[in-house]
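Written out below as structure tokens is the structure these notes cover.
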Protein chains: 4
Amino acid sequence: MDRGRLEAFSDGVFAVAITLLALDLAVKGPGNGDLASLLGHRWPAFVAYLISFFTIGIIWVNHHSMMNGVVAVTRGLLYLNLLLLAVVVTIPFATSTLADYLLDGRPNANTAAALFAGVFELMSIAFALVSEWVLRHDQYVRDPMSAAAKKPARLSFYAGQVPYLIAFVVAFFNVWATVAITAATGIYYIFVRTYAPPTPTAPASPPE
Amino acid sequence: MDRGRLEAFSDGVFAVAITLLALDLAVKGPGNGDLASLLGHRWPAFVAYLISFFTIGIIWVNHHSMMNGVVAVTRGLLYLNLLLLAVVVTIPFATSTLADYLLDGRPNANTAAALFAGVFELMSIAFALVSEWVLRHDQYVRDPMSAAAKKPARLSFYAGQVPYLIAFVVAFFNVWATVAITAATGIYYIFVRTYAPPTPTAPASPPE
Amino acid sequence: MDRGRLEAFSDGVFAVAITLLALDLAVKGPGNGDLASLLGHRWPAFVAYLISFFTIGIIWVNHHSMMNGVVAVTRGLLYLNLLLLAVVVTIPFATSTLADYLLDGRPNANTAAALFAGVFELMSIAFALVSEWVLRHDQYVRDPMSAAAKKPARLSFYAGQVPYLIAFVVAFFNVWATVAITAATGIYYIFVRTYAPPTPTAPASPPE
Amino acid sequence: MDRGRLEAFSDGVFAVAITLLALDLAVKGPGNGDLASLLGHRWPAFVAYLISFFTIGIIWVNHHSMMNGVVAVTRGLLYLNLLLLAVVVTIPFATSTLADYLLDGRPNANTAAALFAGVFELMSIAFALVSEWVLRHDQYVRDPMSAAAKKPARLSFYAGQVPYLIAFVVAFFNVWATVAITAATGIYYIFVRTYAPPTPTAPASPPE
């Protein structure tokens, strides 16, 4: 299989999942009081939406960086990638559950926050598995990393699982800590580049 | 990252968002009286649907024109583009809210109209940010614009934010003015070309 | 704009619309009696689903045949294509309304059937407008048709609007006639090729 | 028609269908008791989701392997492929019905399990039809299989229909047997490669 179709299918799944997130912003129809209040009370949905949107966005960016150097797709990579997507498509469900229960108090808010962070943690593990495949299959990668470069790369994406694990554990004590950690993790990934792909995203020889 | 996958992902998000818009046209099932009346009373949904469909369509067309000349995609452009998409996917929510509340009278109809115009305004700002990136990164653009050509281009996409800003402000006074301004803005963009991309959409050397 | 992205976006919209169709097959949950009966009573939904699925499928096939020869996409073609897509995405709504109201008796079943055929008629008109653009812009088409070949091609896609027009009119008298005509039109298009594109779908020089 | 657009459209449909599966995981909102219990009671939805996700994933992988060698797409292949997709998009509906009724006892659970296995069986038949087309059209396939190689290939994808047929029949006696067989079939396909495509997925000449 060529890489193109793996990417096209993955992009399709990422695009649908990221768009479905926003469906949960909907408020009740007329006859339920002041619309401005209804929208105001939905702020947990907006917060959850923003965190999930940019978290999926980051995974999509990193997915692309990682796949960029892969020249041949094996069945093993296909199914590891499906595993990653199987987690990604559950994010709208976890997001919507958090949005509904964030203000519901103990223990339901805690359960929802643990579900939210738990799904992100699973996504992070699945992404690490795909990354591990890429690091282990130099024969299918253009310009594979040197053994020396692999060590920090590996460290980086294994370390990436720590924040979501913490966010999961603290969910049982304080849901706002979970919200803050997942949001901060997203902001960190957007402004600091983590996955160093074998091939640069900027052109090696930029147009003069 | 090559431009292709950025476009494929963006196209996916635009396509899903534009298709979800029409889900809101649905009317209640049997047992709710005359279907023709039910459909007739949904006319605000049809109006809102048409405005949003063509507004997303215009952004998609302009997005393509703008990206057409980009030869290398940096992390900065990726995240600015994600910001734009994060606004685009909330359009079905804003459209559905306007459709439900347009005939609900003051103050709910005004809130819904302000939300509708506000989301369009945010989309317009996000698009200007992406455009600004393109104008500032000549090294990543094929046939970059001259400094002289950039001035009117910049003016054009900053001016593009004025109608939605007006539509937002008047929403608090007259919802029909908001509907009229957002519809007129769409019609204007379809029939007058605004964003002049670095590369022509028609082939430079058409087949003779 | 190159043709590729127009096609990718259109394919995305067709794919989402065709998949959303099946969401309407859903039956009520437990506590509503015998599931086999519930499914059995949903047969109008299955009929409506099949007709709409293959009608969208046919339009997608013809869309591709038609676009295959286009070498440059102008703003006019982009917006005509958006008009076509704006109708296509309302098909799930019309299908779902027909499914709900087909057995509801006069006048609601008639209204639903007229809506169903009316949307197909609008789709057919929008497709004819796109086709007309292609026939009129030889300079943007590879191997344009001869004037002699254009006459029957034009006739064919204008004639294509007659069945849906009839299906729309008879909807006010007999909803089953509308169902039969729209189904038969689909079957006819699948087994008889109508749009003869400038370039063959089978390779001119097949691999020996 | 070139293969690319057939694949792009099919990928879009597979991607949307696979993402919609997860929408059914949603639980009721606040005011319905303990969230952990609500999620716990939804375990049939998680089981059904996982089976359907990987079954669609497998079909997507096999679809790609099969299409990989096709060099020209005829109208016949297009419509056989649409038939396959028409079944694939009903999988979210069958999955959601199984999730809702799995614990509902006889006869509704049996009906839901039969629907679930029945849709998989239809998908398997449609896939066999597409495969049969590929095996019969050597002139449109790069490096077509030898007659000797076709026999086991054919056997393999006809044999692929047996498990779903058994799962369908046993649904009327024991719904858990249906769940076990459909899950086991998925696991078998992931770990054992069945469809041997004319062209290898790994590159013939891997980068040294």
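Since the structure is predicted, the reported quantities are computational estimates derived from the model, not experimental observations. Just so you know, these numbers use all the heavy atoms, side chains as well, and skip hydrogens, waters and symmetry mates.
Taking the six-membered ring for Trp, B/His63 and B/Phe14 have ring centres closer than 6.0 Å. For B/Phe168 and B/Tyr164, the ring centers are positioned 6.0 Å apart or more.
No salt bridge links B/Arg5 with B/Asp11; every basic N to acidic carboxylate O contact stays at or beyond 4.0 Å.
Interface summary for chain C: among B/Asp34, B/Val16, B/Val27, the most heavy-atom pairs under 4.5 angstrom belong to B/Asp34. Counting heavy-atom pairs closer than 4.5 Å to chain C, the top-ranked of the candidates B/Gly29, B/Ala8, B/Pro30, B/Ala15 is B/Pro30. Counting heavy-atom pairs closer than 4.5 Å to chain B, the top residue among C/Thr111, C/Thr90, C/Asn110, C/Val88 is C/Thr111.
Side-chain contact check for B/Asp24 and B/Thr95: no donor-acceptor pair (N or O, by modelled atom type) lies under 3.5 Å.
Within the 4.5 angstrom heavy-atom criterion, only side-chain atoms of C/Phe93, from C-beta onward, approach chain B. Only the side chain of C/Asp104 comes within less than 4.5 Å of a heavy atom of chain B; its backbone N, CA, C and O stay farther away. No part of B/Leu21 comes within reach of chain C, as not one of its non-hydrogen atoms sits under 4.5 angstrom from that chain. Residue contact with chain C, scored on non-hydrogen atoms closer than 4.5 Å, involves the backbone and the side chain of B/Leu25 alike. Using a 4.5 Å cut-off between heavy atoms, C/Ile91 makes no contact with chain B at all. Residue contact with chain B, scored on non-hydrogen atoms closer than 4.5 Å, involves the backbone and the side chain of C/Leu83 alike. Residue B/Ile58 touches chain C through both its backbone and its side chain, counting heavy-atom pairs closer than 4.5 Å. Within the 4.5 angstrom heavy-atom criterion, only side-chain atoms of C/Leu20, from C-beta onward, approach chain B. For chain B, no part of C/Ala99 is nearby; none of its heavy atoms comes within less than 4.5 Å.
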Next item on the list: With side-chain contact (heavy atoms from CB on, under 4.5 Å) as the test, would you mind laying out the steps for C/Asn68 and C/Arg3 before giving the verdict?
Entry: CA-CA 9 Å; C/Asn68 212 19; C/Arg3 206 185 71 209; 3.9 Å; yes
Note to self: Go through it in stages, so that I can follow the logic: the residues are B/Met145 and B/Val134, the test is side-chain contact (heavy atoms from CB on, under 4.5 Å), and I'd like the CA-CA distance, side-chain angles, deciding distance and then a yes or no.
What the structure shows: CA-CA 10 Å; B/Met145 283 186 181; B/Val134 173; over 6 Å; no
Next item on the list: Evaluate side-chain contact (heavy atoms from CB on, under 4.5 Å) for B/Val141 paired with B/Val71, printing each intermediate quantity in order.
Entry: CA-CA 6 Å; B/Val141 176; B/Val71 291; 6.0 Å; no
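With rounding to the nearest 0.5 angstrom, the OG atom of B/Ser10 is 8.0 Å from the CG atom of B/Leu82. Considering CZ of B/Arg42 and CG of B/Leu103, their distance stands at 9.5 Å, rounded to 0.5 Å.
Within 6.0 Å of CZ on C/Phe173 lie no more than 12 heavy atoms contributed by other residues, nucleotides or ligands.
Scanning for side-chain contact (heavy atoms from CB on, under 4.5 Å) contacts around B/Pro152 gives an empty result, with sequence neighbours left out.
Residue-level contacts of residues 176-186 of chain B with chain C do not occur; threshold 4.5 Å between heavy atoms.
Relative orientation of the C/Tyr140 and C/His137 rings is parallel, given thresholds of 30° and 60° on the angle between their planes.
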